[in-house]
Amino acid sequence: VMCDIIRETEGKTFDFDVYFAFTTREEIGFSGILTTTERIAPDISLVLESTAVADLADVPSHSRVAYTGEGPAISFMDRGTVYHKSVYDFLLRTAKENRIKAQPKRFVSGGNDAAYIHSALDGTATAAISIPTRYLHSASCVIAEEDYFSTKDLILAIMKSDPKELSEVAKGGKK
């Protein structure tokens with residue numbers, strides 16, 4: 001998704017700086033994102049990741065994390081982060097206003113690089129945007145094509161946001 005966004009926005013300018021960081025080692029201590037966050041010092045950070053869906057037989061609906069085909073899952077909290085309401089609401093509102101499928105992550109599970117980013121420096125407004133993935137952490141991860149494009153479209157819509165609105169969201173996410 002990030003590679004496609006980079007290709008699609010090549011040569012375009014924005015009213016704010018945009019960085020893409022491809023990091024490693026999240027599962028074993030955040031060392032990749034630690035250095036990146038310290039160097040970039042973002043005002044707002046979007047963590048793009050995948051999340052399990054748990055849409056298997058015999059898994060009760062209340063234990064399902066997200067649904068394939070319903071767009072990216074937006075986290076309100078996970079094992080490492082409680083996301084600020086202003087950032088969470090902004091993502092869902094942006095999706096709705098742009099008629100992009102998105103869904104709240106329905107089950108608090110897992111973690112990601114946001115666990116480090118949100119508390120770095122003097123605090124960073126952070127959000128997790130997760131592509132619902134079947135067979136996560138296996139050799140054959142499976143996603144719905146619609147979720148891929150919805151995720152890409154949501155990030156592109158955020159990048160086209162009014163800089164003043166993004167600034168307000170970032171300030172709210174630091175409280």
Side-chain angles (χ1 to χ4, degrees), residues 1-2 4-5 21-23 25-30 33 37 42 44-120 123-159 161 165-166 168-170 172-175:
V1 170
M2 289 195 317
D4 277 350
I5 292 169
F22 296 81
T23 62
R25 303 173 62 91
E26 173 260 326
E27 300 285 354
I28 55 171
F30 305 116
I33 198 61
T37 302
I44 189 166
S45 179
L46 304 177
V47 175
L48 178 60
E49 62 144 13
S50 57
T51 190
V53 288
D55 62 347
L56 304 170
D58 300 329
V59 175
S61 62
H62 69 273
S63 294
R64 294 184 181 196
V65 177
Y67 294 95
T68 56
E70 294 300 318
I74 310 301
S75 296
F76 62 90
M77 88 183 277
D78 57 44
R79 285 186 307 160
T81 310
V82 176
Y83 299 93
H84 196 277
K85 186 173 179 357
S86 70
V87 182
Y88 175 79
D89 289 346
F90 170 74
L91 293 182
L92 292 175
R93 183 176 64 252
T94 300
K96 185 176 182 179
E97 289 172 356
N98 289 278
R99 297 183 179 167
I100 299 167
K101 282 189 173 183
Q103 60 186 310
K105 191 170 178 182
R106 293 170 170 78
F107 190 81
V108 176
S109 64
N112 54 60
D113 282 339
Y116 176 77
I117 298 169
H118 85 278
S119 62
T124 302
T126 306
I129 301 173
S130 308
I131 298 176
T133 305
R134 224 176 252 161
Y135 317 124
L136 185 64
H137 294 192
S138 77
S140 299
C141 297
V142 177
I143 65 170
E145 185 176 30
E146 185 173 5
D147 294 338
Y148 177 90
F149 289 109
S150 293
T151 302
K152 185 178 77 156
D153 291 345
L154 177 59
I155 294 169
L156 287 168
I158 292 164
M159 291 171 67
S161 295
E165 182 181 16
L166 279 177
E168 289 303 312
V169 169
K174 286 187 171 193
K175 293 180 181 177

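Bear in mind that the values here come from a model prediction, so they are computed numbers and not experimental data.
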Is any side-chain heavy atom of [X] less than 4.5 Å from a side-chain heavy atom of [Y]?
| X | Y | answer |
| --- | --- | --- |
| I129 | P72 | yes |
| S75 | Y83 | yes |
| P42 | T37 | yes |
| V1 | Y148 | yes |
| P132 | I143 | no |
| K101 | E146 | yes |
| T68 | R134 | yes |

May I ask you to decide if [Y]'s main-chain N or O and [X]'s side chain share a donor-acceptor pair within less than 3.5 Å?
| X | Y | answer |
| --- | --- | --- |
| T151 | D147 | yes |
| S161 | I158 | yes |
| S138 | S140 | yes |
| T126 | T124 | yes |

From [X] atom [atom1] to [Y] atom [atom2], the distance as rounded to the nearest 0.5 Å:
| X | Y | atom1 | atom2 | result |
| --- | --- | --- | --- | --- |
| L156 | I5 | CG | CD1 | 5.0 Å |
| Y88 | F76 | OH | CZ | 6.5 Å |
| E70 | Q103 | CD | CD | 6.0 Å |
| D58 | S63 | CG | OG | 11.5 Å |
| I155 | S150 | CD1 | OG | 11.0 Å |
| F149 | L154 | CZ | CG | 15.0 Å |

Next on the checklist: side chain to side chain contact (heavy atoms under 4.5 Å, CB included), that's the test. Do T133 and T51 meet it? Break it down for me.
Outcome noted: CA-CA 6 Å; T133 305; T51 190; over 6 Å; no

Which donor-acceptor pairs under 3.5 Å do the side chains of residues 91-99 make with protein atoms, sequence neighbours left out?
from, atom 1, to, atom 2, distance (Å)
R93, NH2, E165, OE2, 2.9
T94, OG1, F90, O, 2.8
N98, ND2, T94, O, 2.8

Checklist entry - Which atoms form the tightest heavy-atom contact between D4 and K152, and what is the distance? => result CB-CD, 3.9 Å

Checklist entry - Is there a donor-acceptor contact under 3.5 Å linking the side chains of K105 and S130? => result no

